[in-house]
Protein chains: 2
Amino acid sequence: MLSKKTKYAFHALTYLGKHRDQKTVLIQDIAEEYGISHKFLENILLELKKAGILGSKKGKGGGYYLIKDPADVPLSKVIRLLDGPIALLPCVSINYYEPCVECKDEAKCGLNKVLIQVRDEMLNVLTNKSLSDILDKE
Amino acid sequence: MLSKKTKYAFHALTYLGKHRDQKTVLIQDIAEEYGISHKFLENILLELKKAGILGSKKGKGGGYYLIKDPADVPLSKVIRLLDGPIALLPCVSINYYEPCVECKDEAKCGLNKVLIQVRDEMLNVLTNKSLSDILDKE
DNA sequence: CATTTACCCTACATTTTTTATAGAGTTTAT
DNA sequence: ATAAACTCTATAAAAAATGTAGGGTAAATG
């Protein structure tokens with residue numbers, strides 16, 4: 001399951017995607033629309049900005065806006081950013097790899113091998129869907 | 001990511017699958033093989049038994065054994081049992097459905113619609129792989 | 001039929017992660 | 001100059017995951 005952080009990120013991205021005609025959107029507007037705490041949402045938007053998905057502008061008339069084309073924002077990118085690994089275990093994670101302490105020989109672990117396949121298939125699913133798919137259905 | 005509970009369940013099922021020739025396997029043997037606390041593992045095996053995947057026998061010479069054919073134990077079944085929903089949000093879960101508090105109209109939520117598709121594809125992946133796939137690769 | 005072996009059950013404790021909250025500081029547009 | 005809005009660090013409450021403790025119950029063997 002996704003954390004609330006990731007869910008909120010998708011909400012925010014959807015909102016920003018729907019308001020691409022205006023230059024910027026206030027944190028407060030997004031927060032009110034979805035009943036999210038202003039400060040909590042701030043952290044999330046900041047992470048999306050650091051990842052190059054959003055841009056921001058300070059001062060009066062400022063706010064956040066979408067930099068990327070919605071088709072170039074796959075679900076996998078957002079999930080990895082806020083929730084961490086797509087993989088089902090650390091020993092099959094691409095970006096957050098860690099061996100299992102109980103595993104004597106990873107090369108002989110059937111679970112490891114099957115979960116690598118699962119990871120690739122899931123990654124495929126989550127990379128082939130993007131923010132544009134969400135926006136198309138709103 | 002899978003919880004340790006679910007990971008241990010897969011370990012135990014793998015062990016039991018590999019020792020199908022003997023009548024029963026002791027909790028202790030599995031616990032030692034993977035460095036799991038006896039009591040913690042006991043709870044997990046109990047759940048697998050309640051779900052009809054394992055059988056058990058009490059008394060001297062007792063222990064656990066696999067009831068199902070490994071091909072009839074899909075990953076999805078084990079994950080749902082120990083970890084809960086496969087879906088990425090409660091609002092798209094088949095077995096654990098709950099609406100989002102912030103959602104005014106689910107029928108108009110693009111995220112909901114996309115995540116339903118994602119759920120179906122993930123479920124497909126996790127149902128098409130089973131314990132037998134793990135055993136084949138050990 | 002006693003004894004050993006192992007399963008069954010409940011409750012609690014610890015640790016980690018998630019979900020926020022608070023408040024001060026910095027930048028920028030008007 | 002001033003107000004509006006972003007940035008950063010630290011802290012705290014709540015929830016979930018992980019693990020412990022200990023007694024009770026059932027069954028196989030001799």
Side-chain angles (χ1 to χ4, degrees), chain A residues 1-12 16 22-32 34-51 53-65 67 79 81-85 88-90 96 98 100-102, chain B residues 1-12 16 22-32 34-51 53-65 67 79 81-85 88-90 96 98 100-102:
Chain A
M1 299 272 281
L2 299 179
S3 66
K4 289 196 176 178
K5 231 175 170 173
T6 304
K7 181 173 71 166
Y8 294 162
F10 280 122
H11 281 330
L16 286 164
Q22 63 193 76
K23 281 177 187 163
T24 64
V25 171
L26 301 183
I27 292 182
Q28 196 53 37
D29 291 349
I30 304 173
E32 279 172 10
Y34 299 104
I36 310 170
S37 131
H38 177 105
K39 284 291 191 178
F40 195 53
L41 181 58
E42 201 175 283
N43 288 326
I44 296 165
L45 296 179
L46 191 56
E47 290 203 63
L48 291 169
K49 188 193 167 185
K50 281 181 187 163
I53 298 170
L54 300 182
S56 69
K57 200 183 161 199
K58 293 179 185 175
K60 195 164 190 175
Y64 278 96
Y65 54 92
I67 288 184
I79 294 174
L81 197 63
L82 281 310
D83 256 4
L88 292 180
L89 287 181
Y96 303 81
E98 263 184 68
C100 294
V101 287
E102 74 272 22
Chain B
M1 299 272 283
L2 298 179
S3 67
K4 289 196 176 181
K5 231 175 171 173
T6 304
K7 181 173 72 165
Y8 293 162
F10 281 121
H11 281 329
L16 287 164
Q22 62 193 76
K23 281 177 186 162
T24 63
V25 172
L26 302 182
I27 291 182
Q28 195 54 37
D29 291 349
I30 304 173
E32 279 172 10
Y34 299 102
I36 309 168
S37 130
H38 178 106
K39 285 289 191 178
F40 196 52
L41 181 58
E42 201 175 282
N43 287 327
I44 296 165
L45 295 179
L46 191 56
E47 289 202 64
L48 291 169
K49 188 193 169 184
K50 280 180 188 163
I53 298 170
L54 300 182
S56 68
K57 201 182 160 199
K58 293 178 187 177
K60 195 166 190 173
Y64 278 96
Y65 53 92
I67 288 184
I79 293 174
L81 197 63
L82 282 308
D83 256 4
L88 292 182
L89 287 181
Y96 303 81
E98 262 184 70
C100 293
V101 286
E102 74 272 22

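All chains are named by letter (A, B, ...) in the order of the sequence lines, taking the proteins before the strands, and each is independently numbered beginning at 1.
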Ignoring backbone atoms, establish whether Tyr65(B) has a side-chain N or O less than 4.0 Å from OP1 or OP2 of dC7(C). no
Looking only at the side chain of Tyr8(B) (C-beta and beyond, no hydrogens), which of the listed nucleotides dG19(D), dA5(D), dT7(D) gets closest? dG19(D)
Select base, sugar-phosphate, or nothing to describe what Leu45(B) touches, counting heavy atoms under 4.0 Å on all strands. nothing
Can Ile79(B) and Phe10(B) be said to form a side chain to side chain contact (heavy atoms under 4.5 Å, CB included), step by step? CA-CA 9 Å; Ile79(B) 293 174; Phe10(B) 281 121; 4.1 Å; yes
Calculate the interatomic distance between Glu102(B) atom CD and dT19(C) atom P; express it in whole Å. 12 Å
Under 4.5 Å between any side-chain heavy atoms of Leu2(A) and Tyr8(A), yes or no? no
Measure CD1/Ile44(A) against C1'/dT21(C) and give the value in whole Å, please. 14 Å
Lys58(B) vs Ser37(B), nearer the 5' end of DNA chain D by closest nucleotide: Ser37(B)
Rounded distance in Å - CG (Leu26(A)) to P (dC6(D)): 6 Å
Interatomic spacing from NZ in Lys58(B) to OG1 in Thr24(B) - rounded to 0.5 Å: 14.5 Å
Rounded to the nearest 0.5 angstrom, the CD-OG distance for Glu42(A) and Ser56(A) is 10.5 Å
Which whole-number value in Å describes the distance from His38(A) NE2 to dT7(D) P? 11 Å
Any idea which of dT7(D), dT18(D), dT20(D) is nearest the Leu46(A) side chain? dT7(D)
How long is the line joining CE of Met1(A) and P of dT17(C), in whole Å? 19 Å
Contacts of Lys4(A) and Lys57(B) projected onto DNA chain C by closest heavy atom; the upstream (5') one is Lys57(B)
Is there, by distance only and without an angle test, a donor paired with an acceptor across the side chain of Lys39(B) and the base of dG22(D) below 3.5 Å? yes
With sugar-phosphate meaning primed atoms plus P, OP1 and OP2, does Gln28(B) contact a base, only sugar-phosphate, or nothing at under 4.0 Å between heavy atoms? nothing
Counting the atoms with a prime plus P, OP1 and OP2 as sugar-phosphate, which does Lys49(B) contact under 4.0 Å by heavy atoms, base, sugar-phosphate, or nothing? sugar-phosphate
Rounded to the nearest angstrom, tell me the gap between atom CG in Leu2(B) and atom C1' in dT18(D). 15 Å
If I take atom CG in residue Leu82(A) and atom P in nucleotide dT18(C), what distance separates them, rounded to the nearest angstrom? 11 Å
Please report, rounded to the nearest Å, how far the C1' atom of dT20(D) is from the CD1 atom of Ile36(B). 16 Å
Ser56(A) side-chain N/O to dT7(D) phosphate OP1/OP2 under 4.0 Å: yes
What I want to check is whether an N or O donor and acceptor connect the side chain of Glu42(A) with the base of dC6(D) at under 3.5 Å. no
Starting from the 5' end of DNA chain D, give me the residue, Phe40(B) or Lys50(A), whose nearest nucleotide shows up first. Lys50(A)
Applying side chain to side chain contact (heavy atoms under 4.5 Å, CB included) between Leu54(B) and each of Leu16(B), Val25(B), Ile44(B), Ile67(B), report the one that passes. Leu16(B)
